[in-house]
Amino acid sequence: MNIFETVHDTEHEQVVFCHNKDAGLKAIIAIHNTVLGPALGGLRMWPYETEGEALNDVLRLSRGMTYKAAVAGLNLGGGKSVIIGDPAKDKSEALFRSFGRFMESLHGRYITAEDVGIDVNDMEYVFYETDNVVGVHQVHGGSGDPSPFTAFGTLQGIRASLQKAFGNEEVGQYSYAVQGLGHVGYELVKLLRSEGARVFVTDINQNAIDACVELGCEAVGLDEIYDVDADVYSPCALGATVNEETIPRFKFKVVCGAANNQLATTECGNELEKRSILYAPDYAVNAGGLMNVSIEFEGYNRERANRMMRTIYYNVGKIFKIADRDGIPTWKAADRMAEERIEAIGKLKLPTLGRTHRFPGRERSNQ
Ligand code: NAD
């Protein structure tokens with residue numbers, strides 16, 4: 001792999017390789033774009049088979065964060081970091097503190113949060129060394145579990161999609177097929193049921209299904225979910241469930257859910273368009289978690305978080321308008337919306353005021 005060429009091709013601003021032999025740290029921090037603000041994105045720990053695989057992952061994920069923050073209307077750029085290692089075996093205080101020191105050397109250009117393989121205790125060690133961590137525990141002035149906000153944001157995306165597809169956004173008048181009843185899916189089902197909607201559900205976990213059946217949902221099999229005669233398909237489990245095999249089975253009119261990377265390929269997004277199935281781009285719909293942590297910059301406030309989630313309705317609506325304006329599928333319109341915002345703000349020649357009061361009310365447990 002030609003590292004410099006790869007970084008150039010993916011338009012990254014900076015890629016930092018962090019190595020500390022004593023602590024066993026091998027990490028990569030990728031800062032994709034900071035035109036809108038500091039690069040925010042989670043820290044992932046994964047036993048990558050090769051260093052090239054880790055680099056590809058961090059480059060891909062950080063670029064995704066740029067688009068997500070831009071479409072969400074946040075003053076944030078995109079970044080991500082990965083630690084090469086097995087989360088079950090290779091964790092230590094020294095590992096995460098050495099990572100925190102590398103982060104601190106970036107002076108806030110990159111802000112991290114929990115991602116796959118990382119838990120709240122690991123983040124605590126990173127937080128010992130740098131302020132630039134979000135999603136910390138509520139006892140430290142953090143925002144806690146983002147899932148209820150992500151679910152509420154997803155509901156706003158559903159409302160915008162219903163408005164576009166049916167000219168009516170009364171959630172209770174439509175039926176839903178929800179796949180995955182975990183942190184986000186279960187909260188979403190509660191919201192849908194509280195509006196009186198008919199909801200079909202599936203999960204690999206029987207307890208999760210039972211909890212939803214108690215709310216009045218109808219359980220269907222894992223594979224049966226794709227054949228359900230419902231208005232909206234809401235993937236809230238895995239990626240790539242909208243694929244060549246499932247699309248021909250869809251009777252749905254709308255695809256709108258919280259799962260990341262729902263389209264197996266962009267061609268699948270084009271196929272939905274051809275079949276007049278409205279796709280609400282996943283990264284615009286599920287931005288609630290990112291919005292929620294972004295509020296930590298100004299001092300976390302739940303009410304503000306709830307208000308912010310409502311903007312997802314307008315963001316998703318704007319994507320649909322761009323798709324109509326330019327005659328393109330909605331997945332492409334979302335990317336275009338992000339690029340247009342970054343370009344417009346990037347052209348501003350006025351000085352910024354800068355942020356001097358980051359993270360008010362934060363305390364560290366080691367102080
Ligand atoms: P979770 O792990 O709590 O829930 C996932 C659920 O999906 C679990 O109940 C699991 O049993 C179920 N599941 C797994 N495989 C399945 C299958 N084959 N069929 C049906 N169900 C299956 O995760 P979560 O936090 O609820 O996140 C759900 C999705 O939303 C993920 O794709 C995640 O990346 C995305 N997301 C979550 C947030 C957040 O705030 N939690 C934010 C943005 C995006």
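We count ligands from 1, going down the list as the structure has it; atoms in each ligand are counted the same way. When reading the values below, keep in mind they use all heavy atoms of this one structure, side chains included, and skip hydrogens, waters and symmetry mates.
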Closest to [atom] (judged by heavy-atom distance), picking from [options]:
{"atom": "atom 15 (N) of ligand 1", "options": "Leu181, Ile204, Thr202", "answer": "Ile204"}
{"atom": "atom 42 (C) of ligand 1", "options": "Leu222, Thr150, Asn207, Leu290", "answer": "Thr150"}
{"atom": "atom 11 (O) of ligand 1", "options": "Asp203, Asp145, Asn205, Val178", "answer": "Asp203"}

**Q.** Numbered atoms and elements of ligand 1 in range of Asn260, under 4.0 angstrom, heavy atoms
**A.**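 Within the 4.0 Å cut-off of Asn260, ligand 1 contributes 32 (O), 33 (C), 34 (O), 35 (C), 44 (C).
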Q: For Gly180, counting its heavy atoms only, list the atoms of ligand 1 lying under 4.0 Å from any of them.
A: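 Result: 7 (O), 21 (N).
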Q) Under 4.0 angstrom from atom 2 (O) of ligand 1, is there any protein heavy atom? A)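 No, because not a single protein heavy atom sits under 4.0 Å from atom 2 (O) of ligand 1.
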Q.
Going by a strict under-4.0 Å cutoff (protein heavy atoms only), does atom 26 (O) of ligand 1 have a neighbour on the protein?
A.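 Yes.
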Q: Would you check the N or O atoms of Leu238, main chain and side chain alike, for any that come under 3.5 Å of an N or O of ligand 1?
A: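 Not met; the criterion fails.
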Q: Looking only at distances, please establish whether an N/O atom of ligand 1 is found under 3.5 Å from an N/O atom of Val184.
A: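 Right, the criterion is met.
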Can [X] and [Y] be counted as an ion pair, charged N to O under 4.0 angstrom?
{"X": "Lys164", "Y": "Asp324", "result": "yes"}
{"X": "Arg336", "Y": "Glu340", "result": "no"}
{"X": "Asp231", "Y": "Lys253", "result": "no"}

Q) Under the side-chain contact (heavy atoms from CB on, under 4.5 Å) criterion, do Val293 and Tyr300 qualify, and how do the steps go? A) CA-CA 8 Å; Val293 292; Tyr300 188 68; over 6 Å; no
In the protein, what heavy atom is nearest to [atom], and what distance, to one decimal place, separates them?
{"atom": "atom 4 (O) of ligand 1", "answer": "Gly182 CA, 3.3 Å"}
{"atom": "atom 43 (C) of ligand 1", "answer": "Asn286 O, 3.5 Å"}
{"atom": "atom 28 (C) of ligand 1", "answer": "Cys236 O, 3.2 Å"}
{"atom": "atom 35 (C) of ligand 1", "answer": "Ala258 O, 3.3 Å"}

**Q.** Ala237 contact mode with ligand 1 (heavy-atom cut-off under 4.0 Å)
**A.**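 Within the 4.0 Å criterion, Ala237 contacts ligand 1 through backbone and side-chain atoms alike.
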Q | Worked verdict on Tyr313 versus Gln163 for side-chain contact (heavy atoms from CB on, under 4.5 Å) | A | CA-CA 10 Å; Tyr313 176 90; Gln163 183 59 250; 4.0 Å; yes
**Q.** Pair Asn270, Trp331: side-chain N/O donor-acceptor within cut-off below 3.5 Å
**A.**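 There is such a pair (donor and acceptor under 3.5 Å, judged by atom type) between the side chains of Asn270 and Trp331.
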Flag, side chain of [X] to backbone of [Y], donor-acceptor distance under 3.5 Å:
{"X": "Tyr125", "Y": "Phe99", "answer": "no"}
{"X": "Asp90", "Y": "Gly85", "answer": "no"}
{"X": "Thr150", "Y": "Gly289", "answer": "yes"}

Q: Could you tell me whether ligand 1 has any atom less than 4.0 Å away from a heavy atom of Ser147?
A: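 It does; at least one heavy atom falls under 4.0 Å.
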Q: Determine whether the aromatic ring centres of Phe200 and Tyr176 lie less than 6.0 Å apart.
A: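 Centroid separation for Phe200 and Tyr176: 6.0 Å or greater.
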